[in-house]
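Notes follow the structure.
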Amino acid sequence: MSTTHVDHGQWSSRLAFILAATGAAVGLGNIWKFPYIMGENGGGAFVIVYLLCILGIGIPVMIAETLIGRRGRQSPGNSVKALAIEAGANTKWSVVGWAGLVSGFLILSFYAVIAGWAISYVFQAGAGNFNNATPAQVETIFTTLLSEPSTLIFWSTIVLLGTGLIVGLGVKHGLEKAVSYAMPAMLVLLLIIAGYAAMNGDFGKALHFMFYPDFSKLTYSGVLIALGHAFFTLSLASGAMMIYGAYLPTSTSISKSVLAIAFADTLIALIAGLAIFPIVFGNGLEASQGPGLVFVSLPIAFGQMWGGTFFGTLFFIMLSFAAFTSSIAMIESAVAWVVEHLGLSRMKAALSTVSILWFISMLTVFSFTGAEWAKLDFVFIGKHVTNYFELVDHLTSDVLLPLGGLATAIFVAWVMKKPAVKEEVDMYETTFSIWYFTLRWLTPFAVSFVFLNLVGVISF
Ligand code: PHE
């Protein structure tokens with residue numbers, strides 16, 4: 001297999017990059033995952049750790065990944081390899097890029113299934129099925145969805161096919177257009193729902209739950225989940241930021257763009273929490289009920305609020321868009337690799353990639369339908385997993401992403417030559433020193449510490 005240098009094209013402007021990377025960042029992670037893992041891990045203390053992880057680890061690593069992409073200008077593995085050569089280091093470092101590519105690919109195998117739930121809810125909401133429904137009825141709609149393999153397969157096929165087609169259309173035509181409308185609309189809708197939830201749900205209890213830290217409820221595995229989620233929600237260690245960075249014009253400031261993206265992402269996650277938890281507490285739902293949380297709580301609100309059919313339908317349309325703009329980011333680097341190495345056209349590369357993913361996505365589908373063969377029962381790297389979905393989710397978010405982030409930090413701060421790094425990031429002297437120090441010391445230390453605790457090598 002030979003590597004030819006393929007020109008993948010560039011974003012048309014800084015704004016196009018910010019929109020696309022925000023599109024990658026904001027997705028099911030913010031609206032589906034963040035609220036339910038917060039619910040499972042006790043609320044406030046988890047939120048604080050999550051925010052610290054975004055600030056102290058996520059943002060520095062995000063800058064590092066984007067700079068690798070922009071300096072290397074190829075698919076992640078090849079970019080890291082090119083920079084290792086530039087630094088006179090071992091080309092095996094390219095594993096940092098490869099690992100990301102694999103993680104993004106694996107994440108999409110379950111992400112497509114959840115995105116399928118979101119699309120199916122567009123039709124549930126549109127048909128008025130939530131109108132005046134009791135919490136028990138809404139729960140039944142959700143459990144019925146999960147019990148039907150054919151429905152789950154149908155919707156996840158639509159997601160994978162749609163993702164393949166958008167990615168196949170290419171950098172400028174597909175990706176940029178898809179993201180520019182969904183993000184602002186999503187924010188406005190979330191604010192409307194949060195406003196409704198504040199007036200009609202138990203807002204006080206939600207605020208207390210989300211922002212009053214009770215550290216006795218936080219476990220070490222909770223800390224690792226917060227750390228892994230910081231990577232997941234910013235789309236780090238999954239090839240996405242490296243490949244999006246590869247399309248970034250040289251004149252754009254990486255650090256400013258990254259700050260804007262991380263801010264928007266965090267804001268949306270917190271607002272999602274504020275939209276969901278008042279309804280959860282106001283209706284006596286279980287905060288720790290797991291992956292179904294948003295699909296049960298918000299429909300209750302839509303069923304009761306004025307214009308609920310309209311807002312509900314619109315909300316799930318936006319959520320589906322947000323999921324698409326993330327899923328395209330997850331396989332973009334795998335597709336770029338196939339184009340570089342196998343010489344396929346973009347469209348063929350994209351469609352073959354999603355076809356393989358379709359098979360892997362069955363593991364998640366049948367985990368949710370409760371099929372016997374998809375059930376597991378063992379401890380895998382510090383976590384007891386009960387089905388394939390939990391295994392893939394844990395393997396990516398809690399293991400591969402933190403370790404990938406750690407490797408990226410080490411590569412940029414220890415392996416690359418400082419002048420090259422400095423030239424690429426274009427920061428003021430003090431800001432550069434703070435970022436560089438964080439990446440060199442804090443990130444590796446913090447990630448190793450949390451991880452070693454999880455696997456039981458150290459215990460604090
Ligand atoms: N950040 C996305 C979300 O929060 C998920 C994602 C992970 C996207 C990895 C791209 C790469 O939904």
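We count ligands from 1, going down the list as the structure has it; atoms in each ligand are counted the same way.
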### Task
Classify the ring geometry between Phe316 and Phe302 as parallel (under 30°), tilted (30 to 60°) or perpendicular (over 60°).
perpendicular
### Message
So if I count the atoms of ligand 1 from 1 in the order they appear, which ones are less than 4.0 Å from some heavy atom of Thr233?
### Response
1 (N), 4 (O)
### Task
Indicate yes or no: at least one non-hydrogen side-chain atom of Ile114 is less than 4.5 angstrom from one of Pro291.
no
### Query
Any idea which protein heavy atom is nearest atom 6 (C) of ligand 1, and the distance to it?
Met330 CE, 3.5 Å
### Message
Suppose we call two aromatic rings close when their centres sit under 6.0 Å apart. Are Tyr50 and Phe34 close by that rule?
### Response
yes
## Note on the structure
Atoms of ligand 1 under 4.0 Å from any heavy atom of Ala25, numbered from 1 in the order shown, are 1 (N), 2 (C), 3 (C), 4 (O)
### Query
Between Phe277 and Phe209, does the ring centre distance come in under 6.0 Å?
yes
### Task
Check whether any side-chain heavy atom of Ile59 sits under 4.5 Å from a side-chain heavy atom of Leu259, and report yes or no.
yes
### Message
For the aromatic rings, using the six-membered ring if either is Trp, is the centroid distance between Trp337 and Phe105 under 6.0 Å?
### Response
no
### Asp265-ligand 1 polar pair, N/O distance under 3.5 Å
no
### Query
Is there at least one pair of N or O atoms, one from Leu28 and one from ligand 1, spaced under 3.5 Å apart?
yes
### Message
Ring centres under 6.0 Å, that's the criterion: do Trp117 and Tyr121 meet it?
### Response
no
## Note on the structure
Contact region, Phe232 to ligand 1, non-hydrogen atoms below 4.0 Å, reads both
### Message
Below 4.0 Å, non-hydrogen atoms only: which portion of Ala24 touches ligand 1? Side chain, backbone, both or neither.
### Response
backbone
### Task
Starting from atom 12 (O) of ligand 1, locate the nearest protein heavy atom and write down its residue, its atom name and how far away it is, to 0.1 Å.
Tyr111 OH, 2.5 Å
### Query
Is Ser238 touching ligand 1 with its side chain, its backbone, both, or neither, if touching means heavy atoms under 4.0 Å apart?
side chain
